[in-house]
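A short write-up of the structure that comes next.
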Amino acid sequence: MNDVDLTAEKYEKHREAGEILAEVRDEAAERVEVGVSHLEIAEWAEDRIRELGGEPAFPVNISIDEEAAHATPSVEDDETFGEELINLDIGVSVDGWLADTAVTVDLAGRDELAEASAEALDAALDIVQAGVETGEIGAVVEETIEGYGFNPVVNLTGHGLGQYEQHTEPNIPNRAVDQSVTLEAGDVVAIEPFATDGPGKVREGSDEEIFALEREGSIRDRRARQALEQIAEEFKTLPFATRWLDVKRPKMALRRLKQQDIIHGYPVLKEDDGHYVSQKEHTIIVTEDGCEVTTRSR
Ligand code: CO
């Protein structure tokens with residue numbers, strides 16, 4: 001048995017990030033109503049995170065109906081919420097130590113679908129402890145969601161959280177898998193079941209508003225260079241939104257950086273049209289006999 005010191009500074013920062021995030025998530029979810037603007041919610045949540053002493057770990061994701069992840073408003077976005085199924089996925093960084101959480105706000109009367117992912121997360125948290133296999137977690141998630149008559153989204157997974165690294169090993173699958181990893185005390189992971197009335201496999205859409213640094217590099221174009229300086233300094237390897245850039249004509253700058261493979265994009269991920277996706281996510285610290293949920297509501 002490896003002794004891990006759960007009072008170490010990095011865990012304290014994960015906890016601080018989780019505490020800020022729980023408050024912002026719950027308040028943001030309450031603000032989501034028919035007629036409210038997407039951009040207003042995203043910016044409100046991101047500003048509130050900064051006010052409380054953290055930094056957004058990635059742009060607030062607002063995914064609607066068939067969208068599952070990676071949708072965030074552009075700077076000229078004028079969309080407002082309708083009678084839809086809305087997933088809010090939000091992250092906080094405290095010195096690069098992260099918390100990641102998501103909740104579905106149901107304005108579409110799809111309460112069973114929202115409940116399916118929430119129940120799946122609870123069932124997963126019930127079995128987590130040092131020594132549990134990630135495949136067992138996936139099996140419990142799959143079983144719970146299928147019990148509601150829905151499908152888990154199998155090509156989206158939970159993940160480890162590293163310093164300034166939003167997705168690290170191990171993956172936490174949303175179905176039973178053969179290849180699996182044993183969780184250890186001190187592992188910090190996000191578990192995020194997605195439930196859908198569609199086939200359970202998301203595809204990449206054409207919209208892309210979120211990017212992250214891929215490698216160091218230099219670029220001649222002046223605005224692209226300015227954008228790269230801001231990215232390296234402020235966001236490091238964490239995902240950022242086009243609307244966070246201070247340069248003029250940011251889309252052009254990003255296109256240049258992408259052509260050189262200095263950054264990569266995160267296209268919106270979606271189910272087939274006409275279907276719906278719900279999501280619930282918490283960040284946990286695995287302990288010998290269970291887990292500590294850093295993003296639990298206070
Ligand atoms: Co996550």
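As the structure lists them, so they are numbered: ligands from 1, and atoms in each ligand from 1. One is the number of the first residue; the rest follow in order along the sequence.
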Before accepting this row, confirm whether a basic side-chain N of the pair Arg203/Asp272 lies closer than 4.0 Å to the acidic partner's carboxylate O. yes

Could you tell me how the ring of Phe235 sits relative to the ring of Phe240: parallel (under 30°), tilted (30 to 60°) or perpendicular (over 60°)? parallel

Any N/O/S atom, backbone or side chain, of His159 lying under 2.8 Å from the Co ion (ligand 1)? yes

From the N, O or S atoms in Asp100, identify the one nearest to the Co ion (ligand 1). OD2

Residue pair Gln279 / Ser117, side-chain donor-acceptor N/O under 3.5 Å: no

N, O or S atom of Asp89 closer to the Co ion (ligand 1) than 2.8 Å: no

OE2 (Glu192) to the Co ion (ligand 1) to OE2 (Glu281): angle, nearest 10 degrees? 90°

How close do Leu161 and Thr168 get, heavy atom to heavy atom, and via which atoms? N-OG1, 3.3 Å

